[in-house]
Q: 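Handing you a structure now.
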Number of protein chains: 2
Amino acid sequence: MAVSDPRAGEAMCPYRLVLEHVTSRWGVLVLIQLLDGPHRFSELRRAIGRVGRGVSEKMLTQTLQTLERDGLVHRDAKPVIPPRVDYSLTVLGREAAQQVRALAEWTRDRMGDVEKARLAYDEARQA
Amino acid sequence: MAVSDPRAGEAMCPYRLVLEHVTSRWGVLVLIQLLDGPHRFSELRRAIGRVGRGVSEKMLTQTLQTLERDGLVHRDAKPVIPPRVDYSLTVLGREAAQQVRALAEWTRDRMGDVEKARLAYDEARQA
DNA sequence: CCGCATCCGTATAGATACTG
DNA sequence: CAGTATCTATACGGATGCGG
């Protein structure tokens with residue numbers, strides 16, 4: 001189930017579930033982006049879209065709902081027309097986001113080594 | 001594609017791809033487990049199985065191949081019968097694994113807050 | 001026997017079209 | 001603009017096969 005329905009998903013060591021929410025494909029990117037400060041739904045979508053291929057509306061919704069239910073993201077829906085919803089990190093969410101960002105930055109810094117390893121790997125099993 | 005075929009998956013900012021490998025469902029658990037030291041294939045499978053629902057052989061194989069190709073995991077196949085294959089972290093992999101473990105430990109520590117948030121969330125939208 | 005490849009069925013991720 | 005319904009693609013697990 002991963003990031004799908006916020007409620008689903010018993011029958012597993014509960015902390016692993018939260019870990020999966022935090023490390024999920026879009027969860028990672030949402031958390032990092034929200035470290036910048038609050039964002040509207042579309043802002044998030046656009047911001048994430050800028051790096052590689054973007055999120056679909058559905059996945060962003062699901063991800064946000066899951067993170068909100070876990071208490072990592074705060075949702076502030078203003079009753080105006082057109083609707084305006086702002087998302088931000090809770091204190092808990094900020095702690096998680098910082099760790100996730102550190103991991104993301106590490107990955108970027110080490111990309112060179114990874115590419116090199118991949119070349120070696122692919123070359124080694126060149127048929 | 002996530003953790004599937006080690007080679008697949010162009011058309012995306014490359015570091016995000018590595019991040020997905022590292023944070024993938026089984027990648028996380030493999031990396032953490034290998035911080036303990038080298039493990040055989042079956043040892044990994046059993047060790048991971050102990051927490052919640054375990055990995056299938058297929059997914060463990062895929063995960064290990066992907067991580068090996070990224071230069072995070074070292075594979076040492078001894079030409080004996082019955083076959084024995086030992087997996088261990090590379091220097092690069094150890095760096096990643098430590099960050100991942102930190103995140104996992106944070107998650108365990110904060111489970112209480114998460115559970116509380118979930119209760120509030122579920123109660124708030126009690127139909 | 002163990003590590004791993006492959007085929008298939010199913011659950012879930014994910015894209016697109018639609019609603020208020 | 002924010003979110004939902006519907007449909008398709010794919011990740012994942014299970015069973016099977018096979019070489020060492």
Side-chain angles (χ1 to χ4, degrees), chain A residues 1-12 16-17 20-21 23-30 38-49 52-69 73-88 125 127, chain B residues 1-9 11-12 16-17 20-21 23-30 38-46 48-49 52-69 73-87 125:
Chain A
M1 64 127 250
V3 192
S4 51
D5 176 14
R7 299 206 194 180
E10 287 310 307
M12 182 195 266
R16 252 176 67 176
L17 219 36
E20 283 181 18
H21 297 167
T23 62
S24 72
R25 187 174 204 174
W26 307 118
V28 166
L29 300 172
V30 165
H39 284 72
R40 306 185 52 172
F41 186 88
S42 315
E43 284 174 358
L44 273 176
R45 198 156 130 73
R46 254 177 294 113
I48 289 174
R53 182 164 193 177
V55 219
S56 67
E57 291 173 10
K58 182 193 169 192
M59 289 315 294
L60 184 55
T61 303
Q62 281 185 0
T63 303
L64 286 167
Q65 285 174 354
T66 302
L67 293 178
E68 186 196 357
R69 185 167 111 100
V73 162
H74 174 68
R75 179 176 184 275
D76 184 24
K78 320 260 187 189
V80 297
I81 295 183
R84 175 187 182 100
V85 183
D86 284 274
Y87 292 94
S88 55
R125 57 198 63 207
Chain B
M1 69 125 235
V3 191
S4 51
D5 176 14
R7 300 205 193 180
M12 181 194 266
R16 252 176 66 176
L17 217 37
E20 284 182 16
H21 297 167
T23 62
S24 72
R25 187 174 204 177
W26 307 118
V28 166
L29 300 173
V30 165
H39 284 73
R40 303 187 52 172
F41 185 88
S42 317
E43 283 174 358
L44 273 177
R45 196 154 132 74
R46 253 178 295 113
I48 289 174
R53 182 168 191 174
V55 219
S56 66
E57 279 184 22
K58 182 193 170 191
M59 290 315 296
L60 185 55
T61 303
Q62 281 184 4
T63 303
L64 286 167
Q65 285 174 355
T66 302
L67 294 178
E68 186 196 358
R69 186 168 112 100
V73 160
H74 174 68
R75 179 177 184 273
D76 183 25
K78 320 260 185 187
V80 296
I81 296 181
R84 173 185 182 103
V85 183
D86 284 274
Y87 290 94
R125 56 198 63 206

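To find a chain, count down the sequence lines: A is the first, B the second, and so on, and within it residues start at 1.
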Q: What pair of heavy atoms forms the shortest contact from B:Phe41 to B:Leu64, and how long is it?
A: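 Shortest heavy-atom contact: CD1-CD1, 3.9 Å.
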
Q: Between C1' on D:dG14 and CG on B:Leu60, what's the gap in Å once rounded to a whole number?
A: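 Those two atoms, CG and C1', are 15 Å apart.
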
Q: Could you state the CE-C1' distance from B:Met59 to D:dT10, rounded to the nearest angstrom?
A: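 Distance check: B:Met59 CE to D:dT10 C1' gives 11 Å.
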
Q: Closest heavy-atom contact between B:Val55 and B:Met59?
A: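 Taking B:Val55 first and B:Met59 second, the nearest heavy atoms are CG1-CB, 3.9 Å.
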
Q: For nucleotides 4-7 of chain D, list the nitrogen or oxygen atoms of the protein found under 3.5 Å from its nitrogen or oxygen atoms, one pair per line.
A:
from: D:dT4; atom 1: OP2; to: A:Gln65; atom 2: NE2; distance (Å): 3.4

Q: Can you name the side chain to side chain donor-acceptor pair (under 3.5 Å) partners of A:Arg84, sequence neighbours left out?
A: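 A:Arg84 satisfies side chain to side chain donor-acceptor pair (under 3.5 Å) with A:Asp86 once adjacent residues are dropped.
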
Q: Rounded to the nearest angstrom, tell me the gap between atom CD in B:Glu20 and atom P in D:dT10.
A: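 Value for this atom pair: 14 Å.
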
Q: Compare every heavy atom of B:Leu67 with every heavy atom of B:His21, then report the nearest pair and how far apart it is.
A: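 Of all heavy-atom pairs spanning B:His21 and B:Leu67, the closest is O-CD2, 4.1 Å.
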
Q: Which pair of non-hydrogen atoms, one from A:Thr63 and one from A:Val30, has the smallest distance, and what is that distance?
A: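 The answer is CG2-CG2, 4.2 Å.
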
Q: Grab the CZ-P distance between A:Arg45 and C:dA15 for me, whole Å please.
A: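 Going from A:Arg45 (CZ) to C:dA15 (P), I get 8 Å.
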
Q: Provide, to the nearest angstrom, the distance between the CZ atom belonging to B:Arg125 and the C1' atom belonging to D:dG3.
A: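 Taking atom C1' of D:dG3 as the reference, CZ of B:Arg125 is at 12 Å.
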
Q: Atom CG of A:Leu64 and atom P of D:dC1: how far apart are they, to the nearest Å?
A: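 After rounding, the gap between these two atoms is 17 Å.
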
Q: Just to verify, what does A:His39 make a side chain to side chain donor-acceptor pair (under 3.5 Å) with, not counting sequence neighbours?
A: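 Testing A:His39 for side chain to side chain donor-acceptor pair (under 3.5 Å), a comparison that skips the adjacent residues, returns A:Gln33.
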
Q: Where is the tightest heavy-atom contact between B:Arg16 and A:Ile48, given as atom of each residue plus distance?
A: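 Heavy atoms only, the tightest pair is NH1-O, 3.8 Å.
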
Q: Any side-chain N or O of B:Trp26 less than 4.0 Å from the OP1 or OP2 oxygen of D:dG13?
A: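 For B:Trp26, the contact criterion (side-chain N or O under 4.0 Å from OP1 or OP2 of D:dG13) is met.
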
Q: Using the side-chain heavy atoms of A:Tyr87, tell me which of these nucleotides is nearest: D:dC12, D:dG3, C:dG3.
A: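 Taking heavy atoms from C-beta onward, the closest nucleotide is D:dG3.
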
Q: What is the separation between atom CZ on B:Arg25 and atom C1' on C:dT12, rounded to the nearest whole Å?
A: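 My rounded result for the distance is 10 Å.
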
Q: Given atom NE2 of A:His39 and atom C1' of D:dC1, what is their separation to the nearest angstrom?
A: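 Answer to the nearest Å: 16 Å.
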
Q: Check whether any side-chain N or O of A:Ser56 sits under 4.0 Å from OP1 or OP2 of C:dG14, and answer yes or no.
A: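 No, because none of the side-chain N or O atoms of A:Ser56 sits under 4.0 Å from OP1 or OP2 of C:dG14.
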
Q: Within the structure, does a side-chain N or O atom of B:Arg84 lie under 4.0 Å from either OP1 or OP2 of C:dG3?
A: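 No, because none of the side-chain N or O atoms of B:Arg84 sits under 4.0 Å from OP1 or OP2 of C:dG3.
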
